[in-house]
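By convention in this document, chain letters (A, B, ...) are assigned in the order of the sequence lines, proteins followed by strands, and residues within each chain are numbered from 1. Remember, it's a predicted structure, so these values are computed and weren't measured experimentally. Values below: all heavy atoms of this structure, side chains included; hydrogens, waters and symmetry mates excluded.
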Number of protein chains: 2
Amino acid sequence: MPRTSASIVYKTLKDRILSGTLAAGDHIREEELATDLGCSRTPVREAIRQLEAEGLLELSPHKGAYVTSWTDEDIAQIYQMRLLLEGRASKLAASKIKEFHLEKLCVLAEEMERASKGTRPDRFSLITDLNNAFHGIVHEASGETMLISTLKGIIQVSMVRNTFSLYSKEQLSRSMNHHRELITALSHQDPEWAEAVMHCHIRSARWVTKPRS
Amino acid sequence: MPRTSASIVYKTLKDRILSGTLAAGDHIREEELATDLGCSRTPVREAIRQLEAEGLLELSPHKGAYVTSWTDEDIAQIYQMRLLLEGRASKLAASKIKEFHLEKLCVLAEEMERASKGTRPDRFSLITDLNNAFHGIVHEASGETMLISTLKGIIQVSMVRNTFSLYSKEQLSRSMNHHRELITALSHQDPEWAEAVMHCHIRSARWVTKPRS
DNA sequence: TAAAGTCAGAATGTTATCAATGAGGACGAA
DNA sequence: TTCGTCCTCATTGATAACATTCTGACTTTA
């Protein structure tokens, strides 16, 4: 899909940030990254600016780019935003959802369950991708373009810290149950139920990376 | 404040879009803008990419950038988002607001009233700036960094179409009254009242650019 | 010793130039 | 006329080299 150098750099850099290869606060040198990826500085700069706009990088003039460090307070606020926005998305989706949405959700839920019971070492990143796709379908079903694009940015940020590899067996199973319950609520076209399930789902995810306090 | 060429181009271009100098759908050529502003294409490219990330420009490969055309549906959805997010910001602000916030809000409300009663030809852009500052203080008082930054992007977009020059005398006066009422609600630390006033304020603004349908 | 000034080095900001791509029109055949 | 092909040109994509600015370390001086 991405055929320009800039988009390749973008994707690579974003992967490294989301996967934790690049840690919070790390300094990114344009030249270094350019030679590393075998292109000139211009595409690298473009990728960096784009990631800055998404909030994954912070850049200060003449100094360079740094991987954004999120405070615990930031993370807490991001979850509050997800609560508000994904709650609304679920609510809206319940009234508008189409059959093919429900079918996709079922398939994704099933694949996630299969993946979570497996033992492949890369299963967590697979679950992450499936989970993102699942939430994406719910958002799409809400039919609100603006809500969808806002959510995309916010969720991405909350994914920097949250990995399914941190989930306990119990937490993972609860998450899967939420997916099932959400599908049921949506298929019954019950907005309040759908919103409530989503609230449970997000609130429970909130406590994975940060057990107490 | 902005000392790099790229940020100057960014600011200039953004002003032109928000002020309507550049209309929806207008084509922007890198070369053209570069010679116009007396710099090379690179800073222009950077500014364009940044504005694309903010949603003000749409970028199609090998063709160039176009000023985003918002459909009526988009505008409606943006107001829904503002309703949700600014409502929450007002609610939170009510419990946390400090005395100096209230003082600033009073000053701004007063200046807006004075400006709206004046006859200076540039009074509408003045009111716009004051109004943005007013809402900014409310957001700031909410103390939620993430909410604030999300709102900044959304409001900016909703400002492309909405100008106080379109307000009738009655609408303008109602808007001023909302500001006063919001200050009172906030000073009484009544979250529900503050939220309700903000809802009224945004819903009434919704019907300025688009009288019916 | 501490404070201020200076300078070298490194990184980003900017430019000019070349390469590649796709849009749109001219042309011809069915 | 309509469709398809090819060609041309405008515009973006990418590179390398130059300019500017910041940082931090070294020197000087009181």
Under 3.5 Å donor-acceptor, [X] side chain and [Y] backbone:
{"X": "Thr68(B)", "Y": "Leu56(B)", "answer": "yes"}
{"X": "Ser60(A)", "Y": "Lys63(A)", "answer": "no"}
{"X": "Gln77(A)", "Y": "Met146(B)", "answer": "yes"}

How many Å lie between [atom1] on [X] and [atom2] on [N], as a whole number?
{"X": "Tyr10(A)", "N": "dG13(D)", "atom1": "OH", "atom2": "P", "value": "16 Å"}
{"X": "His62(A)", "N": "dG9(C)", "atom1": "NE2", "atom2": "C1'", "value": "15 Å"}
{"X": "Ile48(A)", "N": "dA14(D)", "atom1": "CD1", "atom2": "P", "value": "15 Å"}
{"X": "Glu46(A)", "N": "dT15(D)", "atom1": "CD", "atom2": "P", "value": "11 Å"}

Original post:
Name the one of His179(A), His201(A), His101(A) that satisfies ring pair (Phe, Tyr, Trp, His ring centres under 6.0 Å) with Phe134(A)?
Top reply: His179(A)

Subject >> Test item: side-chain donor near acceptor, His139(B) and Glu86(B), under 3.5 Å >> reply: yes

Subject >> Glu144(A) and Gln80(B) side chains, donor-acceptor separation under 3.5 Å >> reply: no

**OP:** Please work out which residues in residues 21-38 of chain A have a non-hydrogen atom less than 4.0 Å from an atom of DNA chain D and list them by number.
**Re:** none

Below the 4.0 Å mark, does [N] have OP1 or OP2 next to a side-chain nitrogen or oxygen of [X]?
{"X": "Ser40(A)", "N": "dT15(D)", "result": "yes"}
{"X": "Arg45(A)", "N": "dG13(C)", "result": "yes"}
{"X": "Thr42(B)", "N": "dT14(C)", "result": "no"}

Subject >> Options dA14(D), dT12(C), dT15(D), nucleotide nearest the side-chain atoms of Arg41(B) >> reply: dA14(D)

Subject >> Nearest-nucleotide comparison on DNA chain D, the residue closer to the 5′ end among Lys63(A) and Pro43(A) >> reply: Pro43(A)

Subject >> Nearest-nucleotide comparison on DNA chain D, the residue closer to the 5′ end among Pro61(A) and Ser60(B) >> reply: Ser60(B)

